[in-house]
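Structure first, then comments.
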Amino acid sequence: MTRTPPPHQDPSAADPALEELPRHLALVCAQFARLAARRSDVGVGTVSWRVVATIERLGPPRLSEIAERERVSRPTATTVIKRLEEEGLVRREADPTDSRSSLVSTTEAGSARLAAWRGRLATGVGSLLEPLATEDLATLARASEILADLLESHDR
């Protein structure tokens, strides 16, 4: 039976697991993302497909935005974008609002490759989920919806 805390008490104070939730969730999500990438054998480093996905999701961002979102230095982002350009997955165009900057967008090939990477991820993650009970799958489906909503409202 779940105990309901008195109205003046913070609900998270009543349950130590809720106090640990932010740390635990961040760690488990990061570990799960790495496991999914390993099991899916997408053929490129996770940074590459994450950057292409970020560019596609945001629309054409500046290089500095990519570096900030991916939590890498600007020189690292420049190196990644240069390699993705050489592979024909992204292109740089002059920023019409700032002639010193460029905007990065995905190419048609980049979008197609991203779709293929996502398909492989779905296959790799799907095999991890197969043994789970229906109730657990429903719980994960709901949790993924909640996380997607959080990302949508905080990652712009």
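Only a predicted model underlies this, so the values are computations on that prediction, with no experimental measurement involved.
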Let me check something: any side-chain donor-acceptor pairs from residues 141-150 under 3.5 Å, sequence neighbours excluded? List them with distances.
| unit_1 | atom_1 | unit_2 | atom_2 | d |
| --- | --- | --- | --- | --- |
| R142 | NH1 | E145 | OE1 | 3.3 |
| S144 | OG | L140 | O | 3.4 |
| S144 | OG | A141 | O | 2.8 |

Only distances under 3.5 Å count here; give the side-chain donor-acceptor pairs of residues 124-138 to other protein atoms, sequence neighbours excluded, each with its distance to 0.1 Å.
| unit_1 | atom_1 | unit_2 | atom_2 | d |
| --- | --- | --- | --- | --- |
| S127 | OG | R39 | NH2 | 2.8 |
| S127 | OG | G124 | O | 2.8 |

**Derivation of the side chain to side chain contact (heavy atoms under 4.5 Å, CB included) call for T97 and R62** = CA-CA 11 Å; T97 63; R62 289 188 175 123; 3.3 Å; yes
**Message:** Go through it in stages, so that I can follow the logic: the residues are S48 and L84, the test is side chain to side chain contact (heavy atoms under 4.5 Å, CB included), and I'd like the CA-CA distance, side-chain angles, deciding distance and then a yes or no.
**Reply:** CA-CA 7 Å; S48 294; L84 293 172; 4.1 Å; yes
**Request:** Take V80 and E70, measure what side chain to side chain contact (heavy atoms under 4.5 Å, CB included) needs, and give me the verdict at the end.
**Result:** CA-CA 11 Å; V80 170; E70 295 302 318; over 6 Å; no
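Scanning all heavy atoms of the two residues, the minimum distance from V52 to G110 falls at CG1-O, 3.9 Å. The minimum heavy-atom distance linking A67 with A77 is given by the pair CB-CB, 3.7 Å. Of all non-hydrogen atoms in L63 and R92, the two that sit nearest each other are CD2-NH1, 4.3 Å. Of all the heavy atoms in L114 and A53, the pair that sits closest is CD2-CA, 3.7 Å.
In this structure, the side chains of T123 and R120 stay at 4.5 Å or more apart for every pair of heavy atoms.
Put simply, SG on C29 and NE2 on H24 are 9.0 Å apart, with the number rounded to the nearest 0.5 Å. To the nearest 0.5 Å, atom CD of residue E68 and atom CD1 of residue I66 are 11.5 Å apart. If you take CZ on R118 and CH2 on W49, they are separated by 8.5 Å, rounding to the nearest 0.5 Å.
Cluster annotation: I81 is not connected to L103 through the hydrophobic network of ILVMFWY side chains, with a link wherever side-chain heavy atoms come within less than 4.5 Å.
Judged purely by atom type and a 3.5 angstrom limit, T107 uses its side chain to pair as donor or acceptor with the backbone of L89.
E108 CD: 12 or fewer foreign heavy atoms inside a 6.0 Å radius.
Between K82 and E85 no salt bridge is recorded (no basic side-chain N to carboxylate O distance below 4.0 Å).
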